[in-house]
Amino acid sequence: LAPPPVKRLALAHDLPVLQPVSLRRPVAVRALQRFRPDLGIVAAYGKILRPDVLLIPKHGHLNVHASLLPRWRGAWPIGAAILAGDDETGVTIMRLDEGMDTGPILAHRSEPIAADDTTETLERRLARLGAELLVETLPAYLGGSLEARAQDDSRATYCRTVGKGDGRIDWSRSAPAIERQVRAMTPWPGAHTTWEGKQLRIVRARVGEATFGHEPGAVVAAGKLPAVATGDGTLVLDELQLEGRPPTAGTAFVNGYRAFIGSRLGTT
């Protein structure tokens, strides 16, 4: 176990740090109450704060949320935006209430989603963007000159927390949908399939040309690279990782496993 960066920074500046197992425990609530804070800041927490915790700070709790609310309320907004094929996302500074990301909005800033963005790369940019926007927003909010606006609930969309099973590839889906799944599931849980009884992770991929006469999951050649037939189009595999092995470029994988071309993925 290692302390997270926030804790390391706090301790370096002699700031007290609490790491309660759950904020639902009365002892954790009492510990927060003893601080008598003016304001609470929440980022990447993924849980709903109980009412007695919401009432502790004089100015409430502000949340740095990684989407343009009310789109993608919930705990996995970055991956959800990539998976859905959104062209842009962003960050929102909102005041927390008792709902799931339903509180009034103080500020937001958009960020384009690049064609090769993964959850990991987009998360890094949104983290910086959210920090900058929070610092810009705080003086006006605490000074009383910034008015929060209610969200339009009719435009709300929701995302759920992903698990390991969400990374499993269904080759009957379209190549663009699977390509988005690969990027959305990076770095975790990873988009994966099976080959010869072993898990095969697709690290990087792109949509290729359409092929005809191949069952979904069939591995075909795309020049020197392997590609997989899907329910609509092919997916070119630029980088793969076989269970127990390091990530390998597609060309090197084909050279190392001659039986790969012509095989079928996801059959076991």
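Just so it is clear, the model here is predicted, and its values are computed rather than measured.
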Checking the side chain of [X] only, and the main-chain atoms of [Y] only, is there a donor and an acceptor separated by less than 3.5 Å?
{"X": "Thr92", "Y": "Gly90", "value": "no"}
{"X": "Thr118", "Y": "Arg183", "value": "no"}
{"X": "Gln151", "Y": "Gly103", "value": "yes"}

salt_bridge([X], [Y]) N-O dist < 4.0 Å:
{"X": "Arg180", "Y": "Asp117", "answer": "no"}
{"X": "Arg109", "Y": "Glu136", "answer": "yes"}
{"X": "Arg206", "Y": "Asp238", "answer": "yes"}
{"X": "Glu243", "Y": "Lys198", "answer": "no"}
{"X": "Arg71", "Y": "Asp101", "answer": "no"}
{"X": "Glu132", "Y": "Arg128", "answer": "no"}

(message) So that I know where these two stand, are Tyr158 and Trp72 an aromatic pair - ring centroids less than 6.0 Å apart?
(response)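 No, they do not, as the ring centres are separated by 6.0 Å or more.
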Can you tell me if [atom1] on [X] sees more than 12 non-hydrogen neighbours from other groups inside 6.0 Å?
{"X": "Asp87", "atom1": "CG", "result": "no"}
{"X": "Arg24", "atom1": "CZ", "result": "no"}
{"X": "His214", "atom1": "NE2", "result": "yes"}
{"X": "Glu98", "atom1": "CD", "result": "no"}

[X] side chain near [Y] side chain, heavy-atom distance below 4.5 Å:
{"X": "Val254", "Y": "Lys224", "answer": "no"}
{"X": "Leu49", "Y": "Val42", "answer": "yes"}
{"X": "Thr119", "Y": "Thr186", "answer": "no"}
{"X": "Ile113", "Y": "Ile82", "answer": "yes"}
{"X": "Val53", "Y": "His61", "answer": "yes"}
{"X": "Thr248", "Y": "Leu240", "answer": "no"}
{"X": "Thr102", "Y": "Leu69", "answer": "no"}
{"X": "Thr89", "Y": "Leu126", "answer": "yes"}

At their closest point, which heavy atom of [X] faces which heavy atom of [Y], and how far apart are they?
{"X": "Ile56", "Y": "Leu32", "value": "CD1-CB, 3.7 Å"}
{"X": "Arg73", "Y": "Met100", "value": "CD-O, 3.6 Å"}
{"X": "Val162", "Y": "Pro189", "value": "CG2-CD, 4.3 Å"}
{"X": "Met185", "Y": "Asp166", "value": "CE-O, 3.5 Å"}
{"X": "Phe35", "Y": "Pro16", "value": "CE2-CG, 3.7 Å"}

(message) Taking side-chain hydrogen bond (donor to acceptor under 3.5 Å, both in side chains) as the criterion, tell me which of Glu147, Arg95, His59 meets it with Tyr141.
(response)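 Only one option passes, and that is Arg95.
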